[in-house]
Protein chains: 2
Amino acid sequence: MISDTLQISSHECDSCPIRHRAVCARCEADELEVLEQIKYYRSYEAGQTIVWSGDRMDFVASVVSGIATLSQAMEDGRTQMVGLLLPSDFVGRPGRDQAAYDVVATTDLVMCCFRRKPFEEMMSKTPHIAERLLEMTLDELDAAREWMLVLGRKTAREKIASLLAIIARRDATLRQNKLNGPLVFDLPLTREAMADYLGLTLETVSRQISALKRDGVIVLEGKRHVTVPDLGRLLEEAGDDADGGMLV
Amino acid sequence: MISDTLQISSHECDSCPIRHRAVCARCEADELEVLEQIKYYRSYEAGQTIVWSGDRMDFVASVVSGIATLSQAMEDGRTQMVGLLLPSDFVGRPGRDQAAYDVVATTDLVMCCFRRKPFEEMMSKTPHIAERLLEMTLDELDAAREWMLVLGRKTAREKIASLLAIIARRDATLRQNKLNGPLVFDLPLTREAMADYLGLTLETVSRQISALKRDGVIVLEGKRHVTVPDLGRLLEEAGDDADGGMLV
DNA sequence: CGTCTTTTTGATCCGCATCAAAAGGAGTGG
DNA sequence: CCACTCCTTTTGATGCGGATCAAAAAGACG
């Protein structure tokens with residue numbers, strides 16, 4: 001199976017699908033021109049490891065399309081996913097030359113890469129990039145902390161419901177759908193990846209999904225295609241306040 | 001019990017104990033002068049809640065001395081600590097006016113505060129602050145991800161060992177001690193706070209500390225005073241690679 | 001149709017939560 | 001100095017949720 005994700009319709013930033021959300025979101029036309037000089041695209045097939053933790057990494061990048069995961073491994077093989085990278089998310093850390101995590105393409109993936117050194121130089125010159133990167137990093141920190149509550153205090157059923165809610169909402173906002181009707185989406189993760197995300201085993205994930213299905217919280221067609229008839233109900237199952245937060 | 005933490009020896013940034021590590025670390029003399037105009041100190045007693053999640057928060061701050069915690073609560077009362085704030089750590093988020101977490105002083109605490117608006121203005125003018133804040137935020141994100149591995153995949157015993165190792169190392173680097181002899185420190189957290197940090201119950205924390213003591217991994221005098229005879233041994237118990245990472 | 005991977009389902013076990021109570025320690029007042 | 005209360009910590013007994021081990025079922029693909 002050969003991926004054909006290399007076919008980007010255009011290599012110009014103007015028509016880039018993540019133009020308004022990525023690290024370059026705030027750049028002016030002249031700044032984009034400089035970025036276009038140093039950027040290059042790379043694509044990966046589903047399942048490919050992009051970098052191994054500890055490897056030298058001399059680029060940073062934005063996810064253009066597809067999904068990747070960040071995970072950490074213990075010596076005995078236990079692993080925990082610590083980041084889920086969706087289109088527009090940023091990979092790599094300016095100022096660091098060793099990867100801190102394993103980065104794996106979950107689906108076919110296209111990234112917009114910059115060699116690290118030129119990017120760092122550019123960052124120090126154009127505050128728009130550093131500004132946007134700070135904002136994105138703060139958002140990621142919030143997401144990581146939300147996730148810590150899930151990992152530390154939620155039951156298996158609540159964990160699954162939380163993950164489904166996150167995916168359902170991200171998918172809806174990506175397509176700019178509204179959140180009050182039924183939500184329909186495809187799971188981008190295998191049961192194993194979900195287990196890795198939630199600190200569970202894949203058997204427990206499978207059981208809890210079956211239970212949520214049995215209880216009518218979700219409807220499944222096949223293994224991956226999910227319908228959420230009532231997001232409020234799902235949020236209740238996740239242990240979240242269904243009325244507060246994001247919905248209002 | 002009245003705290004006397006208000007007595008700062010001097011209010012000048014030059015002699016500030018966190019001068020070289022806080023958000024102002026990279027500031028030049030002229031930039032510090034501006035900061036001195038808008039800064040003010042506040043102190044809190046151990047146990048005091050500094051802000052409640054959801055409250056309006058119109059300042060940002062650096063911890064000068066003492067320890068504070070960030071935590072998140074579920075509706076039914078379950079809570080998870082999501083941040084441990086030590087001297088030089090930053091509190092609050094530029095651009096956001098509602099606190100996202102409960103902030104609680106664990107010990108008597110002094111903070112160096114800036115009203116949010118002037119600080120934001122200053123940030124956009126002086127890249128040194130934004131630069132340093134980005135670096136600090138990236139470090140916090142790394143710490144949060146490390147913590148996610150602890151919460152998601154480690155056993156109770158490993159969790160306790162991990163926390164003790166973190167505190168022991170931070171304490172040693174703060175005092176600029178070396179890491180190869182025995183490490184001695186006081187636990188800044190109650191058993192309950194440790195449980196809250198690690199996603200455990202306080203009973204389990206107590207049992208695992210007793211077990212580590214019984215096995216000679218740590219030595220306790222009283223409830224809070226800890227000696228770690230061999231950090232490598234503690235790191236093994238934490239499930240970490242004793243040779244890799246921070247030690248080298 | 002057969003092989004390989006992913007997912008589901010079943011049976012059993014163990015780690016940690018829960019409920020309960022005793023044991024320290026610190027501060028207060030007689 | 002002791003008796004008292006209040007809070008933190010330890011220890012004990014029991015039960016449950018999720019891990020583990022095992023195998024069947026369902027897709028995916030050649």
Side-chain angles (χ1 to χ4, degrees), chain A residues 1-3 45-47 74 76-80 104 106-108 150-164 186-215 218 220-226 237 239, chain B residues 1-3 45-47 74 76-80 106-107 150-164 186-215 218 220-226 237 239:
Chain A
M1 179 219 293
I2 301 293
S3 86
E45 292 178 29
M74 292 174 63
D76 62 7
R78 282 175 281 177
T79 67
Q80 174 65 53
V104 179
T106 289
T107 63
D108 285 354
V150 171
L151 289 173
R153 293 300 182 190
K154 291 195 178 181
T155 64
R157 173 185 258 251
E158 289 169 336
K159 285 179 174 180
I160 296 291
S162 298
L163 177 56
L164 292 175
D186 285 307
L187 280 175
L189 302 174
T190 65
R191 300 289 185 264
E192 188 179 18
M194 288 188 258
D196 203 2
Y197 186 105
L198 296 169
L200 298 171
T201 58
L202 64 88
E203 295 95 325
T204 299
V205 170
S206 180
R207 276 184 243 275
Q208 295 299 337
I209 288 182
S210 300
L212 289 174
K213 177 180 163 189
R214 186 180 334 111
D215 299 343
I218 57 174
L220 279 183
E221 289 166 76
K223 310 292 185 191
R224 295 294 191 90
H225 195 73
V226 181
E237 293 288 353
Chain B
M1 179 216 294
I2 301 292
S3 84
E45 292 179 26
M74 293 174 63
D76 62 7
R78 282 175 282 177
T79 66
Q80 173 66 52
T106 289
T107 63
V150 172
L151 289 172
R153 294 298 182 192
K154 291 195 177 179
T155 65
R157 182 182 177 99
E158 289 169 336
K159 284 179 175 181
I160 296 290
S162 299
L163 177 56
L164 291 175
D186 285 307
L187 281 175
L189 301 175
T190 64
R191 301 288 185 266
E192 188 180 16
M194 288 189 255
D196 203 2
Y197 187 103
L198 297 170
L200 297 170
T201 59
L202 64 89
E203 294 95 326
T204 299
V205 170
S206 179
R207 275 185 244 272
Q208 296 300 336
I209 288 182
S210 300
L212 289 175
K213 177 182 163 188
R214 184 180 336 111
D215 299 343
I218 58 174
L220 278 183
E221 288 167 77
K223 310 293 185 189
R224 295 293 192 88
H225 195 74
V226 182
E237 293 288 353

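In what follows, every chain begins at residue 1, and chains take the letters A, B, ... in the order their sequences are listed.
The distance between atom NZ of Lys213(A) and atom P of dT9(C), rounded to the nearest whole Å, is 7 Å. Here the P atom of nucleotide dT10(D) and the CZ atom of Arg214(B) are 12 Å apart, to the nearest Å. Atom CD of Glu221(B) is separated from atom C1' of dG24(C) by 17 Å (rounded to the nearest Å). For the pair His225(A) NE2 and dT6(C) C1', the computed distance is 19 Å after rounding to whole Å. The separation between Leu220(B) atom CG and dG25(C) atom P is 12 Å, rounded to whole Å. Atom CD of Gln208(B) and atom C1' of dC16(C) are 9 Å apart (whole Å). When rounded to the nearest whole Å, the span between CG of Leu202(A) and P of dT8(C) equals 10 Å. In this structure, Met194(A) atom CE and dT7(C) atom P are separated by 7 Å, rounded to whole Å.
Note on Thr201(A): every side-chain N or O is 4.0 Å or more away from OP1 and OP2 of dG18(D).
Counting only distance, with no hydrogens or angles, the side chain of Arg153(B) and the backbone of Arg78(A) share no donor-acceptor pair below 3.5 Å. Of the possible donor and acceptor atoms, one in the side chain of Arg224(A) sits under 3.5 Å from a partner among the backbone N and O of Leu187(A). Counting only distance, with no hydrogens or angles, the side chain of Gln80(A) and the backbone of Asp196(A) share a donor-acceptor pair below 3.5 Å. Listed for the Asp108(A) side chain is a donor-acceptor partner under 3.5 Å among the backbone atoms of Ala46(A). Not one N or O on the side chain of Ser206(B) forms a donor-acceptor pair closer than 3.5 Å with the backbone of Leu202(B). In this structure, the side chain of Glu158(B) does not engage the main chain of Glu237(B) through any donor-acceptor pair within 3.5 Å.
If you check dA17(C), dT8(C), dA11(C) against the side chain of Ser206(A), the one that comes closest is dT8(C). Checked against dT8(C), dA20(C), dA17(C), the side chain of Glu203(B) finds its nearest nucleotide in dA20(C). Among the nucleotides dT8(C), dA17(C), dG18(D), the one closest to the side chain of Ser210(A) is dT8(C). Checked against dT8(C), dG18(D), dT10(D), the side chain of Lys223(A) finds its nearest nucleotide in dT8(C).
No engagement by Ile209(B) is indicated, since no non-hydrogen atom pair under 4.0 Å with the nucleic acid exists. Residue-level contact check: Gly199(B) touches the backbone only, with heavy atoms under 4.0 Å from sugar-phosphate atoms and none from bases.
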Query raised in the report: Run the side chain to side chain contact (heavy atoms under 4.5 Å, CB included) check on Leu164(B) and Leu212(B) step by step: do they pass?
Result: CA-CA 11 Å; Leu164(B) 291 175; Leu212(B) 289 175; 4.1 Å; yes
Identify all pairs in which a protein N or O lies below 3.5 Å from an N or O of nucleotides 4-8 of chain D, and state each distance.
none

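For Gly222(A) and Arg153(B), each mapped to the nucleotide of DNA chain D holding its nearest heavy atom, the one lying further toward the 5' end belongs to Arg153(B).
If you check distances only, the side chain of Arg207(A) does reach the base of dG10(C) with a donor-acceptor pair under 3.5 Å.
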